[in-house]
Peer 1: 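Got a structure for you, written out below as structure tokens; questions coming shortly.
Please read these numbers as outputs of a predicted model, since none were measured by experiment. Below, read A as the first sequence line, B as the second, and so on, with proteins coming before strands; counting in each chain starts at 1. As a basis for the values below, the full set of heavy atoms in this structure was taken, side chains included, without hydrogen atoms, waters or symmetry mates.
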Number of protein chains: 2
Amino acid sequence: MTTNTYSIQQISEMTGLSAHTLRYYEKIGLLTEISRDLSGYRQYSDKDLSWIQFLIRLQETGMKISGRVRFAELRSQGESTISSRRELLESHRDEVHAQISKLLQNLKAIEDKIEIYKTMELDRNP
Amino acid sequence: MTTNTYSIQQISEMTGLSAHTLRYYEKIGLLTEISRDLSGYRQYSDKDLSWIQFLIRLQETGMKISGRVRFAELRSQGESTISSRRELLESHRDEVHAQISKLLQNLKAIEDKIEIYKTMELDRNP
DNA sequence: GCTTGCTTTAGAGCGCGCTCTAAACCTTAA
DNA sequence: TTAAGGTTTAGAGCGCGCTCTAAAGCAAGC
């Protein structure tokens, strides 16, 4: 079994989050029980890494910090919260679907406007 | 020809933007040449309305205020900027495409996690 | 003429999500 | 043993995009 550990800087490079942000996430409860080495430096595990990467997906799909904190709290309470976590994710999934269809509608309107501009350009340069 | 005019409150109700926000948008240059009645009250036209609605689409697709201001500046310079406006929108359209595919990727990861939770629920309640 | 409710302005305030600072401590190489 | 560069903490600061306040003016109904 591989038990890799990573420094805060390595995690920063792998995730694109700054070291400042990683400490901030820990402070507000998005990351819990990050272990420390003998001199008090944070040691991130592969499990920590994939959790951070999942947090980033939640963020990128528009889940606010408060929602992510709620999810992290459930996770830190162990297996008994699996159903609540599933429900939370299902509800978020529905929001992402809505988001995507809104985006597609707006995309259509933008594309329509591009076509209008093209027509206007032809009319001005016949 | 119908030349409807609308009060700031009516526009607020039609667009979902607050009156405060509408004045703010004017101050920063997103809205230009909004006409006034005899007592100095703003009178929005149908053209103003549809411009505001398009601005909202740009915002909802992630274009920042600075980008929208740039677009509004081109628009206020008249027909000679049609090509620049088309290019700006084409570049934004590409960003929206990228945004949507990122969202679809993240959606997939969320759905996978939901499935994992379902399996865990079955394992705990066999 | 008074009240109610709309509108105006300039400018202050705010919530979110970081981002940075300062001062101290640790590690490694020269 | 010293210098360079990584890490720690508490807490301050910041940029974005609004959001609200205060004081005044205007409109319409009683």
Side-chain angles (χ1 to χ4, degrees), chain A residues 4-45 48-49 52-73 92 95 99 106, chain B residues 5-45 48-49 51-73 92 95 99 106:
Chain A
N4 297 315
T5 67
Y6 309 99
S7 71
I8 196 165
Q9 188 168 245
Q10 286 175 313
I11 292 289
S12 171
E13 282 157 9
M14 289 186 282
T15 62
L17 301 177
S18 73
H20 287 305
T21 298
L22 287 165
R23 290 188 204 101
Y24 166 71
Y25 278 6
E26 204 174 325
K27 181 154 63 178
I28 64 173
L30 286 180
L31 308 178
T32 49
E33 296 172 11
I34 301 297
S35 71
R36 303 290 181 123
D37 69 12
L38 290 177
S39 43
Y41 288 17
R42 287 169 180 82
Q43 284 189 141
Y44 295 87
S45 67
D48 295 330
L49 175 57
I52 293 167
Q53 285 164 338
F54 192 70
L55 282 175
I56 291 172
R57 291 188 186 282
L58 294 180
Q59 184 219 45
E60 287 178 343
T61 50
M63 187 185 287
K64 280 184 280 189
I65 283 193
S66 55
R68 282 176 275 155
V69 168
R70 219 167 300 130
F71 191 60
E73 281 167 357
H92 183 58
E95 285 168 24
Q99 213 183 124
N106 286 331
Chain B
T5 65
Y6 310 100
S7 70
I8 196 165
Q9 189 169 245
Q10 287 175 312
I11 293 287
S12 170
E13 283 157 9
M14 289 187 282
T15 61
L17 299 178
S18 73
H20 287 306
T21 299
L22 286 165
R23 292 190 203 98
Y24 166 70
Y25 278 6
E26 203 173 327
K27 182 156 61 178
I28 64 172
L30 286 180
L31 309 177
T32 50
E33 294 170 17
I34 301 298
S35 72
R36 303 289 181 125
D37 69 13
L38 291 177
S39 42
Y41 288 16
R42 286 170 180 81
Q43 285 190 137
Y44 295 87
S45 66
D48 294 330
L49 176 58
W51 170 239
I52 292 166
Q53 286 164 339
F54 192 70
L55 282 175
I56 291 172
R57 290 187 187 283
L58 294 180
Q59 184 218 45
E60 287 179 342
T61 48
M63 187 185 286
K64 281 185 279 189
I65 284 192
S66 55
R68 283 176 274 156
V69 168
R70 219 167 300 129
F71 191 60
E73 281 167 357
H92 182 58
E95 285 167 24
Q99 215 181 124
N106 286 332

Peer 1: Between residues 58-65 of chain B and DNA chain D, which residues have a heavy-atom gap below 4.0 Å?
Peer 2: B:Q59, B:K64, B:I65
Peer 1: Quick one: are A:D48 and A:L31 in side-chain contact, heavy atoms under 4.5 Å?
Peer 2: no
Peer 1: Using modelled atom types only, decide if a donor and an acceptor are shared between the side chain of A:T61 and the backbone of A:L58 within a distance under 3.5 Å.
Peer 2: yes
Peer 1: Is there a side-chain contact between B:S39 and the phosphate of C:dT7, meaning an N or O under 4.0 Å from OP1 or OP2?
Peer 2: no
Peer 1: Verify whether the ring centers belonging to B:Y44 and B:W51 lie closer than 6.0 Å.
Peer 2: no
Peer 1: Measuring from the side chain of A:Q9 (C-beta onward, heavy atoms only), which nucleotide among D:dT7, D:dC20, C:dT8 has the closest atom?
Peer 2: D:dT7
Peer 1: Does the side chain of A:Y6 come within less than 4.5 Å of A:R42's, by heavy atoms?
Peer 2: no
Peer 1: Starting at atom CG of A:L22, determine the distance to atom P of D:dG6, rounded to an integer number of angstrom.
Peer 2: 16 Å
Peer 1: Considering only side-chain heavy atoms of A:R42, which listed nucleotide, C:dT7, D:dG6, D:dT9, is closest?
Peer 2: D:dT9
Peer 1: Of the nucleotides C:dT8, D:dC18, C:dG17, which one has an atom closest to the side chain of B:R68?
Peer 2: D:dC18
Peer 1: CG of B:D37 versus C1' of C:dT8: gap in Å, rounded?
Peer 2: 11 Å
Peer 1: In whole angstrom, give the distance that lies between atom NZ of B:K27 and atom P of D:dC20.
Peer 2: 15 Å
Peer 1: Categorize B:S7 for me: base, sugar-phosphate, or nothing, with a 4.0 angstrom heavy-atom threshold over every strand shown.
Peer 2: sugar-phosphate
Peer 1: CG of B:L55 versus C1' of D:dG17: gap in Å, rounded?
Peer 2: 14 Å
Peer 1: Mapping A:Y25 and B:Q10 to their closest nucleotides on DNA chain C, which lands nearer the 5' end?
Peer 2: B:Q10
Peer 1: Whole-Å distance between C:dC18 C1' and A:I28 CD1?
Peer 2: 9 Å
Peer 1: Decide, yes or no, whether a salt bridge links A:R36 with A:E26 under the criterion of side-chain N to carboxylate O below 4.0 Å.
Peer 2: yes
Peer 1: Can you find a side-chain donor-acceptor pair between A:D37 and A:Q43 that sits under 3.5 Å?
Peer 2: no
Peer 1: Select one nucleotide: of C:dC20, D:dT21, D:dA27, the one nearest the side-chain heavy atoms of A:H20.
Peer 2: C:dC20
Peer 1: Of all the choices, C:dT19, D:dT8, D:dC18, which nucleotide is nearest to the side chain of A:Y24 once you look at every atom?
Peer 2: C:dT19
Peer 1: Does the side chain of A:E13 come within less than 4.5 Å of A:Q9's, by heavy atoms?
Peer 2: yes
Peer 1: I need the OH-C1' distance between B:Y44 and C:dC6, as an integer number of Å.
Peer 2: 14 Å
Peer 1: Nearest-Å distance, OH (B:Y6) to P (C:dT7)?
Peer 2: 16 Å
Peer 1: Separation of A:Q43 atom CD from D:dT8 atom C1', in whole Å?
Peer 2: 15 Å
Peer 1: Which nucleotide, D:dT8, C:dT21, D:dC18, lies nearest any side-chain atom of A:R23?
Peer 2: D:dT8
